[in-house]
Chemist: 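This is the structure, below, for whatever I ask next.
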Amino acid sequence: MNIFDLYQTKITKLVKSANQNKLIENIDNIEKTNVDLPPKHFDCDISTNVAMILAKNNNTSPIKISEILITLFKKDFSEIQDISFAKPGFINIKFKLSFWNNFLKELINDKNFGKNNNIINKSYLLEFVSANPTGPLHVGHCRGAILGDVLANLLLFNNHTVNKEYYVNDYGNQILYFTKSVYYRIREKLYNEPFPKDNKDLYPGDYLINIASNIINKNNNLNFDNFNEISTELTKLSVQESLNLIKLNLNNLGISHDKFISETDLVNNQEVEKVIEKLKKKDFVYNGKIKAPENEKNSNWVERDQLLFKSTYFGDDKDRALQKEDKSWTYFASDTAYHNNKVERKFDVLINILGADHAGYIKRITSVVEALSGEKNKLICKVSQLVKLIKDNKPFKMSKRKGDYITIEDLIEEVGKDATRFIMLSRSSDVEIDFDFTKVKEKSKDNPLYYVQYCYARISSVFRNAQLKLENNIVIDKFNFNYSKDEIKIIKKISEWPKCIDIATNRLEPHRIPVYLYELASDFHSYWNMGKDDQSKRFLTKENKISNEKKVFLKAISNVIKTGMSIIGVSTPDKM
RNA sequence: GCGCCUGUAGCUCAAUUGGAUAGAGCGCUUGGCUACGGACCAGGAGGUUCUGGGUUCGACUCCUAGCAGGCGCACCA
């Protein structure tokens with residue numbers, strides 16, 4: 001139950017009937033009203049701006065409107081204890097205890113408390129990670145990976161359908177160089193030939209040695225004497241080995257995709273030609289030249305005639321190349337084919353999670369999706385900003401070349417899966433994260449993750465001491481508890497949970513969940529410590545018994561913590 | 001030069017789609033453990049929300065013009 005939505009509906013209804021009874025003449029902008037949380041220093045529970053909204057069109061003052069509405073409220077809503085007007089025009093409502101008792105009664109055994117049951121379910125295609133299959137993932141990749149995974153969890157929690165996909169860029173020059181690198185490592189192993197370290201195009205990382213060994217061991221029928229003869233086969237094997245590493249990384253982070261889509265397959269199945277025909281028919285493809293960029297280092301700019309997509313039509317800076325000089329497809333062309341494939345599968349919404357370094361790509365890919373689907377905003381691109389690594393108080397630049405980078409394996413080993421997920425999620429994805437590797441290791445004790453987990457562990461401990469099981473449903477007939485002000489404060493916080501989920505889902509901003517959970521945990525710890533001075537705030541009696549009132553209170557808190565933590569994909573241990 | 005992101009307390013960040021007196025953590029500072037687990041809590045100091053203009057009853061939030069930092073700007077992927 002979202003009490004804010006509930007009251008929004010109630011208020012709208014009330015205003016409409018006031019309108020029919022000629023009490024309020026003009027209610028055109030009734031949609032603009034909202035129901036919100038009042039500031040802390042007001043002794044009330046919810047607040048609405050409806051009087052200010054209606055005052056304008058009716059050419060009157062908010063106080064006049066509020067007088068009418070308050071009278072109606074008092075008549076119709078028995079759960080209201082107090083309702084008042086506050087400058088500059090808010091109506092503040094305070095509920096009776098019975099309201100909060102009913103609220104708890106509804107959510108106490110509801111494992112899905114927070115879910116919005118009123119929204120229309122949609123089908124989503126969520127593409128994320130999609131890192132090149134040329135080696136294991138590094139720390140930079142994992143932010144987007146976690147973001148995507150949690151977005152999927154959020155959408156699923158709200159009953160949407162979600163397909164999680166990984167687009168495998170196993171086509172093009174990078175893959176050719178990667179395969180060649182593997183080839184040289186194989187020759188190094190078999191024939192003792194030194195790896196050409198001065199070739200800047202090759203991948204020097206040590207992990208290639210393992211990949212090479214694996215390929216040799218699994219394929220003793222292959223002849224490695226001539227690269228050209230085995231290049232197709234070797235590409236496949238090398239990509240496969242890379243993907244195994246990547247899947248292992250993702251698995252360590254608790255992430256799994258439903259589907260891996262191969263770029264090579266799309267190209268081999270003529271999907272690129274198909275989509276270009278489709279775009280040509282709509283007159284979005286032509287042969288032409290691109291203008292040189294206006295930066296300084298364009299002295300060696302070569303103007304070429306190329307097959308171009310008319311992305312300027314959709315507001316892009318320039319049209320984008322689909323074909324290279326040698327007539328092979330650009331990355332953008334095959335990605336267009338992939339997105340056409342997505343469009344043809346008829347999802348309601350497409351979402352791509354991109355790293356900040358690919359943000360410049362968004363305009364052209366959303367343009368092409370609009371061209372193909374005829375729908376604006378069919379594709380939503382979510383950018384995850386950089387993770388700035390800091391080591392020993394210095395920025396730490398990762399370099400694959402030097403073998404100087406932090407892998408996901410390092411990270412999980414040092415920090416742990418749960419802490420990694422929690423930290424990566426606790427900031428808005430629009431903001432860069434400082435990830436101080438040294439500090440996170442040292443200070444893992446005062447990590448916000450533990451603060452929230454500790455809350456759950458404390459509640460578990462109370463139930464354990466009372467010989468009860470926290471996960472069992474609570475069976476109580478009468479909810480007429482006399483909660484104190486400090487308890488109501490936490491119950492009110494719980495009532496914000498559905499709103500938090502709503503906003504996080506609608507705006508695709510999962511960071512709101514760890515932020516909320518931290519606040520809830522903070523309120524709880526604060527209450528817990530009150531028990532030291534005040535017997536009535538202790539959960540257990542001397543005989544280790546717990547009252548129904550306290551049982552319900554704790555269960556409600558633990559439900560929200562548990563649900564929230566499972567959405568962000570971290571554990572809630574009973575003991576720490 | 002252009003595009004995207006960011007600019008809030010000394011530092012790292014929140015701020016419920018435009019609400020009322022802008023909140024946390026760290027750091028600084030004063031207190032609290034014969035414990036329902038102190039991985040905790042209570043208090044204090046700390047703000048011209050980068051700047052100017054605009055819209056609005058109301059702006060950290062929207063518009064506009066700047067300033068500063070980050071990322072990107074070819075046929076790489």
Chemist: Not counting sequence neighbours, list each pair that qualifies as a salt bridge (Lys or Arg N to Asp or Glu O under 4.0 Å) and has a residue in residues 519-533 of chain A.
Modeler: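 Residue pairs passing salt bridge (Lys or Arg N to Asp or Glu O under 4.0 Å), neighbours aside: A:K489-A:D523, A:K493-A:E519.
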
Chemist: Polar-atom pairs under 3.5 Å, protein N or O versus N or O of nucleotides 41-43 of chain B: list them with distances, or write none.
Modeler:
from: B:rC41; atom 1: OP1; to: A:Y451; atom 2: OH; distance (Å): 2.3
from: B:rC41; atom 1: O4'; to: A:N529; atom 2: ND2; distance (Å): 3.0
from: B:rA42; atom 1: OP1; to: A:S526; atom 2: OG; distance (Å): 3.0

Chemist: So which protein nitrogen or oxygen atoms get under 3.5 Å of nucleotides 33-35 of chain B's nitrogens or oxygens?
Modeler:
none

Chemist: Contact class for A:G172 (heavy atom, under 4.0 Å): base, sugar-phosphate, or nothing?
Modeler: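 Sugar-phosphate: the residue A:G172, judged by heavy atoms under 4.0 Å, touches backbone atoms but no base.
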
Chemist: Using a heavy-atom cut-off of under 4.0 Å over every strand shown, decide if A:N92 touches base, sugar-phosphate, or nothing.
Modeler: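 Since a base atom lies under 4.0 Å of A:N92, the category is base.
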
Chemist: Pick base, sugar-phosphate or nothing for A:Y361, based on heavy-atom distances below 4.0 Å to the nucleic acid.
Modeler: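 The residue A:Y361 makes base contact.
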
Chemist: For the residue pair A:Y451 and A:Y518, is the inter-centroid distance of their aromatic rings smaller than 6.0 Å?
Modeler: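 Yes, the ring centres sit under 6.0 Å apart.
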
Chemist: Sugar-phosphate atoms are those with a prime plus P, OP1 and OP2; base atoms are the rest. Using that split, label each nucleotide of nucleotides 9-17 of chain B B, S or - for protein heavy atoms under 4.0 Å, 5' to 3'.
Modeler: ---SSSSBB

Chemist: Below 3.5 Å is the cut-off: list the nitrogen or oxygen pairs between protein and nucleotides 55-62 of chain B, distance only.
Modeler:
none

Chemist: Pick the closest RNA chain B nucleotide for A:R464 and for A:Q174 by heavy atoms, then say which residue is nearer the 5' end.
Modeler: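 Nearer the 5' end of the strand: A:R464.
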
Chemist: Within the structure shown, what part of the strands sits under 4.0 Å from A:A86 by heavy-atom distance: base, sugar-phosphate, or nothing?
Modeler: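 Base contact.
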
Chemist: When all nucleic acid strands are considered with a 4.0 Å heavy-atom cut-off, which category describes A:D533: base, sugar-phosphate, or nothing?
Modeler: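 Nothing: the residue A:D533, judged by heavy atoms under 4.0 Å, touches no strand.
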
Chemist: Taking only distance into account, with no hydrogens and no angle test, what donor-acceptor pairs under 3.5 Å do side-chain atoms of residues 429-436 of chain A form with protein atoms, sequence neighbours excluded?
Modeler:
from: A:D436; atom 1: OD1; to: A:T438; atom 2: N; distance (Å): 3.2
from: A:D436; atom 1: OD1; to: A:K439; atom 2: N; distance (Å): 3.1

Chemist: Indicate, with a heavy-atom threshold strictly under 4.0 Å, whether A:I175 touches base, sugar-phosphate, or nothing.
Modeler: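 No contact at all - A:I175 keeps every heavy atom at 4.0 Å or more from the nucleic acid.
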
